[in-house]
Amino acid sequence: DQQVKQNSPSLSVQEGRISILNCDYTNSMFDYFLWYKKYPAEGPTFLISISSIKDKNEDGRFTVFLNKSAKHLSLHIVPSQPGDSAVYFCAASPLNNNDMRFGAGTRLTVKP
Amino acid sequence: KAGVTQTPRYLIKTRGQQVTLSCSPISGHRSVSWYQQTPGQGLQFLFEYFSETQRNKGNFPGRFSGRQFSNSRSEMNVSTLELGDSALYLCASSSTGGGGGYGYTFGSGTRLTVV
């Protein structure tokens, strides 16, 4: 049951431009949404999260937007840097337990 | 402090065999979750343990099982291995018993290859 979906398996952008990664979810019981970044041969690392009561959360170059009515969230990276090249996973979690579900991931390539 | 440790890093098994993977969480973390990562499927949730109890379970067959010890270390077992079980198995620990925006800390994973 794919409760969290990332429909774009890959994205390529030029250094300095904006990267926009998208994610859709089906379960309206999710309370928190998170983005993780993964490099090869390493585990995913937490990047940024947003509560379902908010529509935007910003942390430096990273901003996550949440559209609850559309069950859609996106991660914006501005400006993109070559070191941002990685696989990005969208995840969602209910408030009261650690049942976190992930999307299939989007491979971001930032070209110098 | 030490991160999440998964052993072994790599494993090759034959179809029909069984395998046990180990995960040592960050000291003080009581929640351990297991995920299977395969190309195109992302991270599929296997199960989550908290204080030695399985609290959440994903949609995997009964061949996949796990347990957690009193020191919070966790093991997962896969019996009667199939070729499709080849994947990267990741565990993550969390300090909180609840969910929410408290990101997990993941280990580097165990790469299982079934031949």
Side-chain angles (χ1 to χ4, degrees), chain A residues 1-10 21 23-25 27 29-54 57 59 62 64 66 73 75 86-107, chain B residues 3-6 9-10 21 23-26 29-51 53-60 68 72 74 87-111:
Chain A
D1 58 343
Q2 284 292 97
Q3 299 182 43
V4 179
K5 298 179 183 179
Q6 292 176 260
N7 294 319
S8 298
S10 63
L21 296 96
C23 177
D24 298 292
Y25 62 97
N27 189 342
M29 299 302 290
F30 288 136
D31 297 295
Y32 284 92
F33 304 89
L34 309 94
W35 286 93
Y36 281 79
K37 179 178 177 180
K38 185 179 186 299
Y39 293 115
E42 296 181 11
T45 55
F46 172 72
L47 192 57
I48 191 170
S49 66
I50 187 169
S51 161
S52 59
I53 63 173
K54 295 186 176 182
N57 187 27
D59 182 3
F62 303 91
V64 56
L66 175 63
L73 66 154
L75 174 68
V87 177
Y88 289 78
F89 289 98
C90 170
S93 173
L95 173 63
N96 57 357
N97 71 73
N98 281 346
D99 185 356
M100 190 155 69
R101 303 296 174 126
F102 285 78
T106 296
R107 181 176 300 279
Chain B
V4 178
T5 303
Q6 290 189 247
R9 286 297 307 272
Y10 301 94
L21 312 181
C23 173
S24 293
I26 289 175
H29 284 195
R30 294 164 63 191
S31 170
V32 174
S33 298
W34 287 90
Y35 291 85
Q36 179 196 67
Q37 184 188 3
T38 54
Q41 293 293 316
L43 275 68
Q44 301 286 307
F45 176 70
L46 282 154
F47 27 66
E48 185 248 353
Y49 286 86
F50 181 79
S51 294
T53 300
Q54 185 182 91
R55 294 195 306 175
N56 298 292
K57 191 176 188 304
N59 296 326
F60 277 79
Q68 187 179 34
S72 292
S74 178
L88 179 67
Y89 290 87
L90 292 159
C91 88
S93 75
S94 170
S95 61
T96 66
Y102 301 99
Y104 292 176
T105 301
F106 279 86
S108 297
T110 294
R111 170 75 62 187

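Just so we're on the same page: letters track the sequence lines, and every chain starts at 1.
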- Query: Under the criterion ring pair (Phe, Tyr, Trp, His ring centres under 6.0 Å), which of A/Y88, A/F102, A/F89 is the partner of A/Y36?
  - Reply: A/F102

- Message: More than 12 heavy atoms of other residues, nucleotides or ligands under 6.0 Å from NZ of B/K57: yes or no?
- Response: yes

- Message: If you count every heavy atom of other residues, nucleotides or ligands that lies below 6.0 Å from A/R107 atom CZ, does the total exceed 12?
- Response: no

- Query: Which bit of B/R111 is near chain A, if near means a heavy-atom gap under 4.5 Å: side chain, backbone, both or neither?
  - Reply: neither

- Note on the structure: Checked A/A104, A/G103, A/G105 vs chain B; the most non-hydrogen pairs under 4.5 Å come from A/A104

- Query: Looking just at side-chain N and O atoms, do B/S31 and B/E48 make a donor-acceptor pair shorter than 3.5 Å?
  - Reply: yes

- Under 4.5 Å to a heavy atom of chain A? For B/Q37 that would be side chain

- Test B/L90 against every option in B/T110, B/L43, B/L21 by the side-chain contact (heavy atoms from CB on, under 4.5 Å) rule and name the one that passes. B/L43

- Query: What residue, out of A/A91, A/A41, A/S52, A/P44, has the most heavy-atom pairs lying under 4.5 Å from chain B?
  - Reply: A/P44

- Item | Atom group of A/P9 that falls short of 4.5 Å from chain B, counting heavy atoms | neither

- Query: Side chain, backbone, both or neither: which part of B/Y35 has an atom under 4.5 Å from a heavy atom of chain A?
  - Reply: side chain

